[in-house]
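Worksheet: the structure to be examined is printed underneath.
Note that the structure is a prediction, hence the values are computed from the model and not measured.
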Amino acid sequence: MDDIFVARLMSSGIQTVRPDTLVEDAADQMLTHEIGSLVVVDEDNQLLGILTTTDFVDIVAKSKPKAETTVERYMTTDVITTTAQASIVDVADTMIEHGIHHVPVVDDEEGVIGMITTTDLTGYISTVQTPSPA
């Protein structure tokens, strides 16, 4: 894997916003394009920051007054799941195919037993050592 460079795997054509963009508009843009982050740039396309879905959790938590809306209104109900015995390659393919980052791990007897995320897969890949030639 040492010969695979960022340029080969990176996404191009990213979505950007200016620092004066309203958070509501940024959220709409993220939903429309089904992305998890927006790059904040100045008028010369120079990086100023990044806004992620995690930032929106903070925005909602700190909002005043509280909306007092239940999670049922926004939750996804057609959840894609996997089992503990599934191949990580199959899970990664599923994540890419559906544009998702979290897959609950379920068991017929015990129900939900865990979660596998893109972060878990990235962590695994970063620790894999390619065999040296004999």
Side-chain angles (χ1 to χ4, degrees):
M1 279 195 228
D2 291 337
D3 60 344
I4 299 174
F5 300 99
V6 171
R8 182 170 169 194
L9 302 178
M10 72 180 192
S11 299
S12 56
I14 59 172
Q15 293 293 312
T16 62
V17 293
R18 297 290 172 92
D20 60 348
T21 302
L22 297 175
V23 292
E24 294 88 352
D25 295 336
D28 285 341
Q29 187 173 347
M30 290 170 73
L31 288 171
T32 299
H33 295 283
E34 298 179 343
I35 55 176
S37 64
L38 291 168
V39 177
V40 184
V41 296
D42 65 15
E43 60 277 350
D44 296 320
N45 203 41
Q46 295 301 305
L47 178 68
L48 297 175
I50 188 168
L51 184 70
T52 69
T53 53
T54 302
D55 296 320
F56 280 98
V57 172
D58 190 49
I59 290 167
V60 170
K62 292 179 180 174
S63 68
K64 303 288 183 201
K66 296 293 182 196
E68 296 186 14
T69 303
T70 64
V71 296
E72 185 175 30
R73 180 172 178 185
Y74 296 104
M75 69 184 184
T76 299
T77 56
D78 55 341
V79 181
I80 294 170
T81 63
T82 190
T83 64
Q85 295 75 33
S87 158
I88 62 169
V89 172
D90 291 343
V91 172
D93 287 344
T94 298
M95 288 176 163
I96 291 168
E97 179 182 336
H98 295 281
I100 57 177
H101 302 281
H102 304 86
V103 177
V105 181
V106 296
D107 177 83
D108 289 339
E109 301 294 320
E110 299 178 53
V112 179
I113 60 171
M115 179 78 71
I116 186 154
T117 69
T118 52
T119 302
D120 297 326
L121 296 174
T122 303
Y124 172 76
I125 290 171
S126 72
T127 62
V128 173
Q129 298 295 317
T130 54
S132 55

Rounded to the nearest 0.5 Å, what separates atom CD1 in Ile80 from atom OG1 in Thr94? 7.0 Å
Who are the side-chain hydrogen bond (donor to acceptor under 3.5 Å, both in side chains) partners of Asp93, not counting sequence neighbours? none
What's the shortest heavy-atom distance between Thr21 and Ala26, and which atoms? CG2-N, 4.1 Å
So how far is it from Asp90 CG to Met95 CE, rounded to the nearest 0.5 Å? 12.0 Å
Pairs of donor and acceptor atoms involving the side chains of residues 102-109, under 3.5 Å and at least two apart or interchain, shall be tabulated with distances.
{"from": "Asp107", "atom 1": "OD2", "to": "Glu109", "atom 2": "N", "distance (Å)": "2.9"}
{"from": "Asp107", "atom 1": "OD2", "to": "Glu110", "atom 2": "N", "distance (Å)": "2.9"}

Just so I know, are the side chains of Glu43 and Arg18 near enough to count as touching, which here means a heavy-atom distance under 4.5 Å? yes
Which atom names give the shortest non-hydrogen contact between Gln29 and Thr16, and what distance separates them? NE2-O, 3.4 Å
Say you draw a straight line from CG of Leu48 to CG of Asp42; how long is it, rounded to the nearest 0.5 Å? 5.0 Å
Would Ile88 end up clustered with Met115 when hydrophobic side chains under 4.5 Å apart are linked, directly or stepwise? no
Ile125 side, atom CD1; Asp120 side, atom CG - distance, nearest 0.5 Å: 11.0 Å
Only counting residues at least two apart or in another chain, list the ones meeting side-chain hydrogen bond (donor to acceptor under 3.5 Å, both in side chains) with Thr81. none
Running the 4.5 Å side-chain criterion over Ile, Leu, Val, Met, Phe, Trp and Tyr, what cluster does Ile14 land in, apart from itself? Val39, Val41, Leu47
When you group the ILVMFWY residues by side-chain heavy-atom contacts below 4.5 Å and let the links chain together, are Val17 and Ile59 in the same group? yes
For Ala86, which residues count as a side-chain contact (heavy atoms from CB on, under 4.5 Å) partner, sequence neighbours excluded? Thr82, Thr83, Val91
Can you measure from CD1 (Ile35) to CE (Met30) and round to the nearest 0.5 angstrom? 6.0 Å
Closest heavy-atom contact between Tyr74 and Thr69? CE1-CG2, 3.7 Å
Residue pairs involving residues 61-77 (criterion salt bridge (charged side-chain N to carboxylate O under 4.0 Å, His left out); sequence neighbours excluded): Asp58-Lys62
I need the minimum non-hydrogen distance between Thr76 and Asp78, along with the two atoms involved. CG2-OD1, 3.2 Å
Hey, is the main chain of Val60 close enough, under 3.5 Å, to the side chain of Ser63 for a donor-acceptor pair? yes
Linking I/L/V/M/F/W/Y whenever any side-chain heavy atoms sit under 4.5 Å apart, do Tyr124 and Ile116 land together? yes
